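This report concerns only the one structure given below.
These numbers come from a predicted model, not from an experiment. Throughout, protein chains are lettered first and strands after them, A, B, ... in sequence-line order, and every chain is numbered starting at 1.
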Protein chains: 2
Amino acid sequence: MKIGELSKRTGLATSKIRFYEDIGLLKLVKRADNGYRTYPPEAETVLHLISNGQKAGFSLDELSKLLPSDLSDWKHDQLLNALRQKLADIELMEKKLADNKRQLNSILNDIEAKPGGMACADNAKRVISQMGMGKGRR
Amino acid sequence: MKIGELSKRTGLATSKIRFYEDIGLLKLVKRADNGYRTYPPEAETVLHLISNGQKAGFSLDELSKLLPSDLSDWKHDQLLNALRQKLADIELMEKKLADNKRQLNSILNDIEAKPGGMACADNAKRVISQMGMGKGRR
DNA sequence: CATAAGGTTAAAGTAAACTTGAAGGTCAAT
DNA sequence: ATTGACCTTCAAGTTTACTTTAACCTTATG
């Protein structure tokens, strides 16, 4: 298929598809006699893998190391490990969020229970300050 | 505290902390007589919130709309609102994380459950078709 | 007093992931 | 044969999120 059809099938802009080729991420492409790009149906699969990989937090650089040019060459184990690592990261973050949520809820309950108090605001500030969602390195 | 201490406490580069101030994301800062930035302890909390917000998939732009501008100026009424807002923020983060996680899990499950004689390429296609995610817009 | 360590600014540079623009070639239909 | 849709390349522009650089000021220490 030509790039326009691939674009419609995947919902990705043609510029994006050409860009992925430029950076060596999408290698499943030949040229027709007129110079037009021609894609096998597999290309659609690869593009979906790329999009979903990005949604799951992978950079294009990571993806180009993970995805093979040929799907039958898929580095199965490598991909599995990478996916499991991302999943672990997310689960850790969910835990922290749940903790923070629980703390916030208890603060809210306290404040709503005794509206006149002056200490409650200070207390709230204290708890908020302790809301260590872990050391935030990126 | 001065910027160096805040940097050490949070693990964030001083350039990053100044940058967050530049774009109006970190407003918890005064100036000493010598011109040095001076931060209240709450600044550490806010920076952790920012880092973790980013990890949860928020852009700095989204975060500057979500985060309270001044933790130290919170009054009782505002505190309640801020807490409720924060709770809503966290729930939003949880949704994003759940989204990411669902994405990853569906990929993982399908790859792990790879039926015996199925070729990698075919399996990959099956994975994609079952992701139901359709067209990868971001 | 000298010097290092740490603070200040403004501006420029970087990297990722694209998009846009210009100038043009190809193809199907009227 | 001309229009319009679709294709090409290459370069330059954009956005986000920072870092680096340069020149300079302030504070602590030997």
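B/K65 is linked by a salt bridge (Lys or Arg N to Asp or Glu O under 4.0 Å) to B/D61, counting only residues two or more places apart in sequence or in another chain. The side-chain hydrogen bond (donor to acceptor under 3.5 Å, both in side chains) search around A/Y20 returns A/Q54, not counting sequence neighbours. Annotation: side-chain contact (heavy atoms from CB on, under 4.5 Å) contacts of B/T14 (sequence neighbours excluded): B/I3, B/S7, B/R18. In this structure A/F19 satisfies the side-chain contact (heavy atoms from CB on, under 4.5 Å) test together with A/I23, A/L60, sequence neighbours excluded.
Within the model, atoms CD of A/E21 and NZ of A/K27 stand 11.0 Å from one another, a figure rounded to the nearest 0.5 Å.
Nucleotide D/dC18 holds its C1' atom 9 Å from the CG atom of B/L60, rounded to whole Å. The CG-P distance, from A/L47 to C/dA17, rounds to 15 Å in whole Å. Atom NZ in A/K30 sits roughly 16 Å away from atom P in D/dT8 (whole-Å rounding). The distance between atom CG of B/L26 and atom C1' of D/dC18, rounded to the nearest whole Å, is 15 Å. Distance, B/L63 CG to D/dC18 P: 10 Å, rounded to whole Å. If you measure from atom CZ of B/R31 to atom C1' of C/dG6, you get 14 Å, rounded to the nearest angstrom. A/I50 has its CD1 atom 14 Å from the C1' atom of C/dC18, to the nearest Å. Look at CG on B/D33: it is 15 Å from C1' on C/dT8, rounded to the nearest Å.
Nucleotides of DNA chain C nearest to A/T14 and B/T38 differ in position, and the one nearer the 5' end is that of B/T38.
For the segment residues 17-24 of chain B, residues with any heavy atom less than 4.0 angstrom from an atom of DNA chain D are, sorted by number, B/F19, B/Y20.
Of the side-chain N and O atoms in B/R37, one or more sit less than 4.0 angstrom from OP1 or OP2 of C/dT8.
By the rule that hydrophobic residues join a cluster once side-chain heavy atoms approach within less than 4.5 Å of another member, A/Y36 and A/Y39 end up as members of separate clusters.
The two residues B/I50 and B/L63 come nearest to each other via the heavy atoms O-CD1, 3.5 Å.
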Under 4.0 Å protein heavy-atom contacts per nucleotide of nucleotides 21-30 of chain C, with B for base, S for backbone only and - for none: ----BBS---

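Of the candidate nucleotides D/dT9, D/dT19, D/dA17, D/dA17 has the atom nearest to the side chain of B/S59.
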